[in-house]
Every structure is written in structure tokens, then in C-alpha cells.
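Below is one structure, written out as C-alpha cells; comments come after it.
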Amino acid sequence: AQKVTQAQTEISVVEKEDVTLDCVYETRDTTYYLFWYKQPPSGELVFLIRRNSFDEQNEISGRYSWNFQKSTSSFNFTITASQVVDSAVYFCALGSARQLTFGSGTQLTVLP
Amino acid sequence: NAGVTQTPKFRVLKTGQSMTLLCAQDMNHEYMYWYRQDPGMGLRLIHYSVGEGTTAKGEVPDGYNVSRLKKQNFLLGLESAAPSQTSVYFCASSYSGPGAVAEAFFGQGTRLTVV
């Protein structure tokens with residue numbers, strides 16, 4: 001069975017602070033994919049990033065960056081210079097051949 | 001493009017009533033999914049389909065049935081609703097694998113309350 005753990009249930013930061021959302025996963029598969037989704041207050045799920053298990057390069061997209069470390073089974077997400085519009089629930093997910101498993105999500109609140 | 005469309009967006013049911021949630025996608029995706037989202041539990045897979053005419057059980061299938069008569073549509077049925085089925089339901093589609101080699105595209109969700 002595979003599992004995704006997002007230990008941070010809620011995080012609150014002040015605008016312009018950096019914030020890191022943690023994601024730890026468990027799987028027996030050697031080939032798998034990791035995802036981050038954003039769920040703003042409007043409720044829809046917005047795809048942010050996909051990484052495969054063979055690519056441990058960190059990725060940066062604007063204020064967003066992702067740190068994939070296979071040795072610790074982690075795929076952490078950092079928002080630099082956070083903004084109020086970043087307030088949302090963020091889900092980490094693990095995809096293998098048969099299923100896509102989500103973590104329980106982290107509620108991020110960015111205060112003005 | 002509309003992407004993934006779910007109807008209805010909101011519904012209140014009485015215990016024991018039945019209903020069907022409709023999901024439609026216009027991206028020609030083979031794979032479609034139904035998830036439920038409950039507080040503190042993330043999204044859990046109810047059923048999925050790997051192509052027209054095929055369906056399979058996910059993590060929490062009990063109390064639900066599905067059908068995929070047309071490639072673009074995936075229906076989720078509740079035969080006898082229970083309060084435990086109060087949840088937000090999301091439909092998703094992707095062009096490959098339940099494990100989502102490609103990302104899944106989600107509908108806007110259906111908020112269902114069973115009283």
C-alpha cells in the first residue's frame with residue numbers, strides 16, 4: 001500500500017515570508033510520480049507540478065520551488081515571498097501504476 | 001474548452017434517497033475517476049474507469065455505483081444515501097493511468113449533504 005503524509009495540518013504566515021510545506025511518501029514501487037495540487041477557497045483543484053521518481057532535480061517556477069529527496073522519501077514545496085493569494089489548501093499526491101493517493105492536505109493562510 | 005464538468009454543484013438528500021452525479025470531460029481522456037473529499041482526510045478514490053464500458057473499485061467504493069457508457073461521461077450513483085456520504089465529490093480525468101503518469105484534471109466539485 002502507498003501512503004502520503006502531510007504532517008502540517010495548518011500553517012499561518014505573514015505576507016512576504018517564505019513557507020515550506022512538507023510531504024513524505026511511502027511506496028514499494030520503483031517507478032512513481034509525485035504531484036502537488038492547490039485548492040483555493042473557491043474549491044477547485046489546480047495542478048501545480050508533477051515529478052517522476054527518476055528525476056531528483058529540484059524545480060523552480062517563479063515563487064514556487066520543489067525539493068525532491070528520494071533518500072528521505074520527501075517532496076517538499078516552498079513558496080518564496082508568500083502572498084495573500086497563496087492562501088489555500090495544498091495537497092501532495094503519489095501516483096503509481098494503479099492509483100493516485102492524496103495526502104490530507106495543508107491549509108496555508110497568508111496574512112496581510 | 002470546458003475541461004471537466006460536474007453536475008449538480010450542490011445537492012441535499014434525505015437519508016434513503018437516491019441520486020446520480022454526472023461528470024463530463026471534453027479532453028478525450030481514457031481515464032476517469034470519482035473522489036470524495038472529507039475534512040482532514042484528503043481525497044479518497046471511490047471508483048475509476050480506464051475506458052468506455054469499464055469500471056473498477058477504488059479505496060472507498062461501498063454505497064456507490066458507477067457507469068461509463070460513453071467515453072466522455074462517468075456517472076456516480078448513490079442508491080440509498082446515508083449521512084456518512086455527506087462529502088464533496090470530485091470527478092477527474094487523465095489521459096493515462098490511475099497512477100496518473102499524467103496529471104489528473106478535476107471538476108469543480110459537488111457538495112452533497114445527506115440529512
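Lettering of chains follows the sequences in order, A, B, ..., and the numbering in each one begins at 1. This is a predicted model, so every value here is computed, not measured.
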Q: Among A:Gln6, A:Gln107, A:Gln39, single out the residue with the greatest number of heavy-atom pairs under 4.5 Å to chain B.
A: A:Gln39
Q: Verify the neighbour count for atom CD of B:Gln108: are there more than 12 heavy atoms of other residues, nucleotides or ligands below 6.0 Å?
A: no
Q) What do you reckon, is NZ of A:Lys3 surrounded by more than 12 foreign heavy atoms closer than 6.0 Å? A) no
**Q.** For B:Arg44, salt bridge (charged side-chain N to carboxylate O under 4.0 Å, His left out) partners two or more places apart
**A.** B:Asp38
Q) Mind checking whether B:Tyr35 and A:Leu100 have side chains closer than 4.5 Å, heavy atoms only? A) yes
(Q) Using heavy-atom distances under 4.5 Å, tell me whether B:Gln37 contacts chain A through its side chain, its backbone, both, or neither. (A) side chain
Q | side-chain contact (heavy atoms from CB on, under 4.5 Å) partners of B:Thr7, counting only residues at least two apart | A | B:Leu22
